[in-house]
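One-based numbering, in listed order, for ligands and for the atoms of each. By convention here, the first residue in the shown sequence is residue 1.
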Amino acid sequence: MLKVTNISKTFFKGTSNEKKALNGLSLTLNDGDFCTVIGGNGAGKSTLLNAIAGAYIPDAGTIEINGTDVTRVSEYKRAKYIGRVFQDPLKGTAAGMQVEENLLLASRRGESRRLKWAFSAGDHEKYRDMVARLDLGLEDRLGTRIGLLSGGQRQALTLLMATMKKPDILLLDEPTAALDPKTASKVLKITDEIVTEQHLTTLMITHNMRDALKYGNRLIMMNSGRIIADYTPEEKKNLTIEDLLKKFEETSGTVSDRVALG
Ligand SMILES: Nc1ncnc2c1ncn2[C@@H]1O[C@H](COP(=O)(O)OP(=O)(O)OP(=O)(O)O)[C@@H](O)[C@H]1O
Ligand SMILES: [Mg+2]
């Protein structure tokens, strides 16, 4: 479903600020793989997700989604195949629009903008059921402007919107980092349910090693723009936090990185 081959990305090439964010990285995800991504600050995790989404074009290497080479396809065109949730709850939704309007927009992702964007019979009930499932008290707030909701409510809605039309790849960049622990675990649980039910091929960055182990069937660890460990579903089953710390310290380990990993 996702085949990343030997991609590199250097920012500020040829200047004193030159930074190799991705360094010959390769990764293959099979249909339905749910892969968690860990690594210290600056390891290249977000750059990897941005390259897959088309926000940055890699300097070298290729990216295939579902058998199609998308390396040079624009971010806008790629959005049809990709669902995203960012760390910042403000990023995934249109603040000035109602909950219901945001959901309608998401249901039309990738369709022509010339089509009439109107609600159909039954939409209201459908959306009500969808948000009721989040268990965040949104079922009576379909008419509320998104900007008035809490961060947790917004992240859960962003997740619904990202998966409303089944994406080929779901990219989650620390989706619960801005949420309080209780809301974070609620949103993660819903994420896991949606990913499993829809059999979504997913990459999820997290700084919480417990979550990285608990969720998904694959786990990769990044450092200096490379994947330094790639655990298969079989290997992941028996993996512990101690194993991860040991692996990390073998490669780069400093105390601050250890802290950064959660
Ligand atoms: N747009 C950009 N312009 C310049 N440098 C960038 C840009 N984006 C990322 N970098 C640099 O590339 C490196 C990798 O950054 P990236 O954001 O991918 O790390 P990360 O693993 O997501 O870290 P964090 O855990 O802090 O989110 C860092 O040194 C960062 O400063
Ligand atoms: Mg990041």
Subject >> Carboxylate-amine/guanidinium contact Arg218 Asp230, below 4.0 Å >> reply: yes

Original post:
Got Gln87 and Ile205 here, is their nearest side-chain heavy-atom distance under 4.5 Å?
Top reply: no

Original post:
Should Glu174 be listed as contacting ligand 1, given a heavy-atom distance under 4.0 Å as the test?
Top reply: yes

Original post:
Does the distance from a Lys or Arg side-chain N to an Asp or Glu carboxylate O, for Glu235 and Lys247, drop under 4.0 Å?
Top reply: no

**OP:** Before signing off on this row, confirm whether Ala21 and ligand 1 have an N or O atom pair separated by under 3.5 Å.
**Re:** no

**OP:** Check whether any N or O atom of Phe12, backbone or side chain, sits under 3.5 Å from an N or O atom of ligand 1, and answer yes or no.
**Re:** no

**OP:** Using a cut-off of strictly less than 2.8 Å, determine whether Ser46 has an N/O/S atom near the Mg ion (ligand 2).
**Re:** yes

Original post:
Where is the tightest heavy-atom contact between Asp69 and Ile63, given as atom of each residue plus distance?
Top reply: OD1-O, 3.5 Å

Original post:
Any idea which atoms of ligand 1 are less than 4.0 Å away from a heavy-atom of Asn41?
Top reply: 23 (O), 24 (P), 25 (O), 26 (O)

**OP:** Decide whether the shortest distance between a heavy atom of His207 and an atom of ligand 1 is less than 4.0 Å.
**Re:** yes

**OP:** Decide yes or no for Ile146 and Met97: does some side-chain heavy atom of the first lie under 4.5 Å from some side-chain heavy atom of the second?
**Re:** no

Original post:
Nearest to atom 9 (C) of ligand 1, what protein heavy atom do you find, and at what distance?
Top reply: Phe11 CE1, 3.5 Å

Original post:
Which residue holds the protein heavy atom closest to atom 25 (O) of ligand 1, what is that atom called, and what is the gap in Å?
Top reply: Lys45 NZ, 2.7 Å

**OP:** Only heavy atoms count here, so choose which of Gly42, Ala51, Ala55, Gly225 is nearest to atom 13 (C) of ligand 1.
**Re:** Gly42

Original post:
Side chain, backbone, both or neither: which part of Lys19 comes within less than 4.0 Å of ligand 1 when only heavy atoms are counted?
Top reply: side chain

**OP:** Please tell me if the side chains of Leu172 and Thr206 come closer than 4.5 Å, counting only heavy atoms from C-beta onward.
**Re:** no

Original post:
Which atoms of ligand 1 have any heavy atom of Thr47 under 4.0 Å away?
Top reply: 9 (C), 14 (C), 15 (O), 16 (P), 18 (O)

Original post:
Under 4.0 Å from atom 31 (O) of ligand 1, do we find at least one protein heavy atom?
Top reply: no

Subject >> Validation row: Glu101, Phe119 side chains within 4.5 angstrom (heavy atoms) >> reply: yes

Original post:
Mind checking whether Gly44 has a heavy atom under 4.0 Å from ligand 1?
Top reply: yes

Original post:
In the single-linkage hydrophobic clustering (I, L, V, M, F, W, Y; side-chain heavy atoms under 4.5 Å), do Val37 and Val4 co-cluster?
Top reply: yes

Subject >> Check: Val99 and Tyr127 side chains under 4.5 Å, non-hydrogen atoms >> reply: no

Subject >> Nearest neighbour in protein (non-hydrogen) for atom 1 (N) of ligand 1 >> reply: Tyr56 OH, 3.1 Å

**OP:** Report yes if the side chains of Thr191 and Pro175 come closer than 4.5 Å at any heavy-atom pair, otherwise no.
**Re:** no

**OP:** Could you check atom 17 (O) of ligand 1 against the protein and tell me its nearest heavy-atom contact, residue, atom and distance included?
**Re:** Ser46 CB, 3.7 Å

